[in-house]
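Some notes on the structure that comes next.
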2 protein chains.
Amino acid sequence: MDKSYSNGKLRPSKQRDRILELLRHTGIHPTAQWVYDQMVKEFPHLSMGNVYRNINILLKQGLIKKIDFGSTFDRLDANTSRHYHFVCETCSAITDLQIPYDPSLDQRVNANTHFAVNRHKIQFYGHCEKCVPNTKKEKDP
Amino acid sequence: MDKSYSNGKLRPSKQRDRILELLRHTGIHPTAQWVYDQMVKEFPHLSMGNVYRNINILLKQGLIKKIDFGSTFDRLDANTSRHYHFVCETCSAITDLQIPYDPSLDQRVNANTHFAVNRHKIQFYGHCEKCVPNTKKEKDP
DNA sequence: GTTCATGCAAATCGTTTGCACAATG
DNA sequence: CATTGTGCAAACGATTTGCATGAAC
């Protein structure tokens with residue numbers, strides 16, 4: 001996961017600064033391609049490789065986030081009913097949760113926005129039993 | 001999106017049936033590679049291409065689901081505070097929502113499972129204003 | 001016998017990386 | 001001058017697709 005794009009100290013980069021500025025001034029949650037399309041207007045010789053490199057540095061610095069599940073692979077689910085998932089941050093295991101789907105969340109967003117919401121997904125992140133061996137033991141009766 | 005893997009009527013396929021059965025009997029939300037690894041024990045000449053083809057047919061039939069955001073691209077966000085997202089199912093626009101992050105959801109899962117939950121993500125799906133031109137108009141004052 | 005399912009290999013697509021050179025400290 | 005940033009092109013890994021063959025209707 002940690003590819004150490006820049007293992008020492010960073011140097012100022014006009015391109016990286018501009019990427020961060022672009023991302024901070026847009027609300028559209030763009031793709032790397034969108035960032036490139038904007039950037040190339042100002043830096044005609046820009047390469048996609050550099051956009052990705054700088055995006056990864058910004059991610060590592062915690063200045064931006066990726067909207068994803070943290071998995072490179074598609075994960076499949078034969079349980080087609082509405083339910084939530086727990087994702088272990090250590091072993092990447094995904095587990096179905098038993099807590100009931102809450103339609104009132106959809107209604108809340110519906111009432112406060114102009115969106116027509118019809119469903120939602122929730123993923124909880126943390127550590128599963130195996131990956132937190134010394135915690136939450138007292139929960140067992 | 002719709003690639004019409006099978007635009008006419010489906011024919012029974014032992015392999016597809018077995019994939020569905022495998023997915024229904026596991027709770028691990030596996031990857032296509034895992035499915036292939038199991039399947040190849042029973043079908044020694046199996047190809048990955050066929051696994052993907054059948055997975056896509058099952059997805060189209062609604063018999064299984066993919067655990068993702070519905071986007072092939074990574075989407076970036078410079079708002080690093082905890083917040084929820086709305087995803088338009090028509091135009092794929094992603095919008096930050098203003099409803100506050102609810103830590104009690106984490107506590108609820110913590111109280112009812114052996115997982116050590118520390119955060120969660122919620123995505124709401126539906127249609128944005130532009131994609132539902134004739135609905136929810138009365139919300140405007 | 002027309003259409004679908006399959007194996008195989010090649011293609012595709014988003015992303016990453018190796019290399020040579022320019023720029024910074 | 002040692003190290004970082006960059007452009008370029010090649011590599012990568014997950015997924016898709018074209019083609020020839022075999023099976024189902």
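In the text below, chain A, chain B and the rest are named by the order of the sequence lines, each starting its count at 1.
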> Do NZ/NE/NH1/NH2 and the carboxylate oxygens of A/E21 and A/R24 come within less than 4.0 Å?
Replying inline: no

Looking at [Y], is its backbone amide N or carbonyl O close enough to the side chain of [X] to form a donor-acceptor pair, meaning the two atoms are under 3.5 Å apart?
X	Y	result
A/K66	A/N56	no
B/D77	A/K65	no
A/T26	A/L22	no
A/S104	A/Q107	no
B/R82	B/P100	no

Roughly how many Å is it from [atom1] in [X] to [atom2] in [N], rounded to a whole number?
X	N	atom1	atom2	answer
A/K9	D/dG5	NZ	P	11 Å
B/I55	C/dT6	CD1	P	13 Å
A/F43	D/dC8	CZ	P	14 Å
B/K14	C/dT6	NZ	P	12 Å
B/K66	D/dA14	NZ	P	14 Å
B/Q15	D/dG22	CD	P	16 Å
B/D68	D/dT15	CG	P	11 Å
A/I57	C/dT16	CD1	P	12 Å

> Roughly how far, to the nearest 0.5 Å, is CD1 of B/I64 from CG of A/N79?
Replying inline: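 Reported value, rounded in 0.5 Å steps: 12.5 Å.
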
> Which value, rounded to the nearest 0.5 Å, describes the distance between B/I67 atom CD1 and A/S71 atom OG?
Replying inline: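 Reported to 0.5 Å precision, the distance equals 9.0 Å.
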
Pull out every protein N or O sitting under 3.5 Å from an N or O of nucleotides 10-13 of chain D, one pair per line with the distance.
none

>> Can you pull out the residues from residues 17-37 of chain A that lie within a 4.0 Å heavy-atom distance of DNA chain D?
In response: none

> With sequence neighbours excluded, what pairs up with A/Y84 under the ring pair (Phe, Tyr, Trp, His ring centres under 6.0 Å) test?
Replying inline: A/Y101, A/H120

Show each protein N/O and nucleotides 8-10 of chain C N/O combination with a separation under 3.5 Å, one pair to a line.
{"residue": "C/dC8", "atom": "OP2", "partner": "B/H45", "partner atom": "O", "Å": "3.3"}

> Would B/I94 and B/V132 show up in the same hydrophobic cluster when neighbours are defined by side-chain heavy atoms closer than 4.5 Å?
Replying inline: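 Shared cluster, no.
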
> Where each residue is assigned the nucleotide of DNA chain C containing its nearest heavy atom, which of A/M48 and B/R16 is assigned the position nearer the 5′ end?
Replying inline: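 Whichever sits nearer the 5' end wins; that is B/R16.
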
> Of the nucleotides D/dT15, D/dT6, C/dC4, which has the atom closest to the A/D74 side chain?
Replying inline: D/dT15

>> Could you go through B/Q15 and B/E42, starting from their C-alpha distance and side-chain angles, then the distance that decides it, and tell me whether this counts as side-chain hydrogen bond (donor to acceptor under 3.5 Å, both in side chains)?
In response: CA-CA 9 Å; B/Q15 310 202 357; B/E42 299 169 40; over 6 Å; no

>> Please give me the minimum heavy-atom distance between A/P30 and A/L23, naming the atom from each residue.
In response: CG-CD2, 3.6 Å

>> Run the side chain to side chain donor-acceptor pair (under 3.5 Å) test against A/R16 and tell me which residues pass, sequence neighbours left out.
In response: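 Counting only residues at least two positions away or on another chain, A/R16 forms a side chain to side chain donor-acceptor pair (under 3.5 Å) with A/N54.
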
>> It should be established whether B/N56 places a side-chain nitrogen or oxygen under 4.0 Å from OP1 or OP2 of nucleotide D/dT16.
In response: yes

>> Please determine whether a side-chain nitrogen or oxygen atom of B/T72 lies at a distance below 4.0 Å from atom OP1 or OP2 of C/dC13.
In response: no

> Between the side chains of B/H127 and A/N118, does any donor sit under 3.5 Å from an acceptor?
Replying inline: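 On atom types as modelled, these side chains do not qualify, holding no pair under 3.5 Å.
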
>> Output one letter per nucleotide in nucleotides 20-25 of chain C: B when a protein non-hydrogen atom lies under 4.0 Å from the base, S when only the sugar-phosphate is that close, - when neither is.
In response: ---BBS

